[in-house]
Amino acid sequence: MVMKKILYLSITALTLSLSACYYDTEEELYPNSFSGNTDTVNVTYSKTIAPMLAANCNNCHKAGGISPNLTAYASVFANKARVKARAIDGSPSPMPTGGLMNLTNRNKLATWIAAGAPNN
Ligand code: HEC
């Protein structure tokens, strides 16, 4: 009888500890995962990337500011490998300096760079 109760209690504890995982978010579990996010359709430089850089980067990265200037397409294109390293991979340190953008933005930026960073 006592054994049965102990067995029952330990199964309950095990079940509770396993089910705790269901509340974790994808972003917490896979901070650098760029698959499974469908919010990347119709990513264009003019409608998606330029406004994203304006909101997150151009305070610092502009003409007369910190290099590279990320306000014009030609300069963003020329620096796309470094933009990917800093703003997506966070290497050698993340950009923006305060921490990477959210996963949705990083997905869009990664999608655009992977497509060859077109001027669209
Ligand atoms: C608060 C200011 C600030 C913001 C906002 C910011 N950066 Fe930077 N960034 C810097 C500074 C300062 C440096 C130079 C020091 C360094 O390399 O860490 C730099 C360097 C860089 C470099 C150059 C790395 C190299 O190889 O020389 C790139 C690329 C870059 N940032 C991209 C971005 C992108 C993309 C964003 C937006 C997603 C962004 N930064 C937002 C301040 C900022």
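We count residues from 1, following the sequence as given. Atoms within each ligand, like the ligands themselves, are counted from 1 in listed order.
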Pro68 and ligand 1 - part of the residue with a heavy-atom distance under 4.0 Å: side chain
Proximity to ligand 1 by part of His61, non-hydrogen separation under 4.0 Å: side chain
Matching residue for Lys47 among Thr44, Ile49, Val43 - test: side chain to side chain contact (heavy atoms under 4.5 Å, CB included): Thr44
Sole candidate of Asn56, Thr48, Ile88 that passes side chain to side chain contact (heavy atoms under 4.5 Å, CB included) when paired with Asn105: Asn56
Interfacing atoms of ligand 1 (cut-off 4.0 Å, heavy-atom, Cys60): 1 (C), 2 (C), 3 (C), 4 (C), 5 (C), 42 (C), 43 (C)
Contacting atoms of ligand 1, where contact means under 4.0 angstrom from a heavy atom of Asn56: 5 (C), 37 (C), 41 (C)
Atom 8 (Fe) of ligand 1 contact by Met95, N, O or S atom under 2.8 Å: yes
Test item: Pro118 and Phe77 side chains (from C-beta on) under 4.5 Å apart, heavy atoms: no
Atom 27 (O) of ligand 1: nearest protein contact (heavy atom, Å): Arg82 NH1, 2.8 Å
4.0 Å heavy-atom contact, Ile66 with ligand 1: yes
Residue Ala87 vicinity, atoms of ligand 1 by number, heavy atom under 4.0 Å: 35 (C)
Numbered atoms of ligand 1 (with element) below 4.0 Å of Leu70, judged on heavy atoms: 32 (C), 33 (C), 34 (C), 35 (C)
Beyond-backbone contact of Asn58 with Leu70, side-chain heavy atoms, under 4.5 angstrom: yes
From CG (Asn42) to OG1 (Thr111), nearest 0.5 Å: 11.5 Å
Within-cutoff protein neighbour (heavy atom, under 4.0 Å) for atom 35 (C) of ligand 1: yes
Residue pair Arg86, Ser93: steps toward the side-chain hydrogen bond (donor to acceptor under 3.5 Å, both in side chains) verdict: CA-CA 6 Å; Arg86 301 299 288 261; Ser93 67; 2.8 Å; yes
Short side-chain to backbone donor-acceptor contact, His61 and Ile66, under 3.5 Å: yes
Residue, atom name and distance, where the atom is the protein heavy atom closest to atom 16 (C) of ligand 1: Arg86 NH2, 3.2 Å
Top protein contact for atom 38 (C) of ligand 1, by heavy-atom distance: Cys57 SG, 2.6 Å
Which atom of Asn119 lies closest to which atom of Tyr45, heavy atoms considered: OD1-CD2, 4.1 Å
